[in-house]
S.K.: 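One structure, pasted below without further comment.
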Amino acid sequence: MSKWSSRIPGFYRLPVAKRRELLREHAGHDLIDDAALAALEGGGIDVETADGMIENVVGTYSLPLGIALNFLVNGRDYLVPMVIEEPSVVAAASNAARMVRQGGGFFAEADSPIMVGQVQLLSVADPDGAASRILCAKEELLALAGAATARLCERGGGPKDIVTRVVSNPGDPDGGMLVVHLEIDCRDAMGANLVNTVAEAVADRLADLAGPGTSVGLRILSNLADRRLVRVRARVPKAALVGTSGEDGARVRDGVVAASRFAELDPYRAATHNKGIMNGIDAVLLATGNDWRSVEAGAHAHAARSGRYAPIATWRAEEDDLVGVLEMPLAVGTVGGAQRVHSGARLSLALLGADSAQELACVVGAAGLSSNLAALRALATEGIQRGHMSLHARSVARAVGARGELLDRVAAEIAALGDVKPERAREILERVRNLGPACQPVFLEVSK
Ligand code: MEV
């Protein structure tokens with residue numbers, strides 16, 4: 001178990017400066033220094049750096065960076081950085097992580113970081129014969145691929161296997177298409193560049209082996225990273241499902257199971273169910289400078305692998321508890337890419353403290369399962385709008401100048417009135433200010 005905890009009660013009520021102070025204490029290491037935190041003021045990159053990252057730059061564009069709390073994954077506490085524009089995702093993930101914590105936390109495992117590079121061979125006269133010649137030359141091909149990734153091989157990664165797939169026959173309009181998969185262990189990198197380099201390095205030799213007339217088509221990684229899956233499991237005791245409004249735990253559990261079944265039976269619902277999972281996943285990917293589009297592509301391809309689009313996380317009742325499992329491809333890295341130049345991404349990684357890409361994948365998967373639980377729990381009980389409204393009420397109260405206890409009070413009142421508008425918030429703020437210190441604060445339970 002960790003020596004420190006990711007539980008920081010009342011964190012959401014504190015001013016930003018105080019939250020930053022607490023982060024430094026709770027991170028449990030000295031990587032979060034003043035300079036690292038100051039880098040966040042500009043959103044993590046300056047215009048000059050941005051100009052070196054993409055083309056035709058005219059500026060930078062910031063999003064909020066929040067910290068999801070309460071995460072216990074494989075017995076270790078994590079502060080989980082999330083970058084997202086949507087209110088309530090951070091609070092909801094934190095709340096659900098607190099419930100899962102009561103059942104011992106998330107248990108997660110990530111496969112070895114193996115990515116697949118595809119080489120498309122066209123006009124192959126005899127695809128089956130070509131495939132067996134290629135497989136016979138596996139050692140030579142792996143050596144050729146290894147030479148293109150010498151430094152990766154030194155770190156224990158590199159090409160591990162070659163697989164052939166006949167995807168069309170000589171009679172087909174494509175004229176015999178053979179696809180060769182190069183399986184490459186990318187260690188702590190996401191691996192797109194490494195894999196593409198290897199695919200380009202071996203393609204001509206593959207075409208030679210495939211026989212006369214063969215031409216090389218595409219040479220590119222596959223985002224269906226199904227050799228790099230993460231599996232996360234969470235057990236929530238019935239009692240932990242009882243909310244502030246005192247709902248019956250067993251009814252909440254059964255409601256979540258029924259919501260899961262809905263997604264399992266109906267692709268229309270599965271798409272929304274998975275979107276809720278990706279709320280948590282993408283937010284951590286963005287915060288840590290990872291390629292969220294590639295993970296999105298992989299997640300949805302995995303969701304459709306049976307030929308029918310399905311949920312990537314499901315829930316069942318086990319004895320008295322609610323048990324959820326998530327499985328999806330998660331190609332993430334802790335080195336390279338945007339992390340090299342983006343100080344916000346570096347800070348997020350330091351804060352998270354994952355020692356490897358596999359460990360990061362476990363935490364990202366837990367963030368996804370947590371977001372899913374929060375959404376299903378809300379949908380199966382009071383509906384999604386009440387929580388959204390409470391959070392929206394806080395931002396409206398803040399916008400009219402309410403702070404500290406006044407913020408809690410004004411937000412609670414406009415939410416209770418169902419009139420979440422600046423005019424009403426201003427009116428209430430005036431009134432409670434005039435009432436003076438005798439006015440008792442009413443606290444909104446957003447994220448504890
Ligand atoms: C909204 O961003 C996500 C949800 O629609 C997910 C779900 O319905 O499960 C609430």
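When a ligand or atom number is given, it counts from 1 through the structure's own listing order. Counting from 1, the numbers follow the sequence of the chain as shown.
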S.K.: Going by salt bridge (charged side-chain N to carboxylate O under 4.0 Å, His left out), name the residues that satisfy it together with K421, two or more places apart in sequence or in a different chain.
M.R.: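 Per chain and number, K421 pairs via salt bridge (charged side-chain N to carboxylate O under 4.0 Å, His left out) with D419.
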S.K.: Which pairs of N or O atoms, one from ligand 1 and one from the protein, are separated by less than 3.5 Å, and what is the distance for each pair?
M.R.:
unit_1   : atom_1 : unit_2 : atom_2 : d
ligand 1 : 2 (O)  : E86    : OE1    : 3.4
ligand 1 : 2 (O)  : E86    : OE2    : 2.7
ligand 1 : 2 (O)  : K275   : NZ     : 2.7
ligand 1 : 2 (O)  : N279   : ND2    : 2.9
ligand 1 : 8 (O)  : R269   : NH1    : 2.9
ligand 1 : 8 (O)  : R269   : NH2    : 3.3
ligand 1 : 9 (O)  : R269   : NH2    : 2.7

S.K.: Hey, is CZ on R316 packed in by over 12 heavy atoms from elsewhere, all under 6.0 Å?
M.R.: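 Correct, the count exceeds 12.
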S.K.: Below 4.0 angstrom, N of the basic side chain to O of the carboxylate: do K160 and E183 qualify?
M.R.: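 No, K160 and E183 are not salt-bridged.
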S.K.: For R233, give me all partners under salt bridge (charged side-chain N to carboxylate O under 4.0 Å, His left out), at least two apart in sequence or on another chain.
M.R.: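 Per chain and number, R233 pairs via salt bridge (charged side-chain N to carboxylate O under 4.0 Å, His left out) with E318.
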S.K.: Walk me through it: do I84 and D282 pass the test side chain to side chain contact (heavy atoms under 4.5 Å, CB included)?
M.R.: CA-CA 8 Å; I84 189 155; D282 287 345; over 6 Å; no
S.K.: Suppose we screen for side chain to side chain contact (heavy atoms under 4.5 Å, CB included). Which residues come up paired with L37, at least two apart in sequence or across chains?
M.R.: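 R20, R24, I32, L40, L347.
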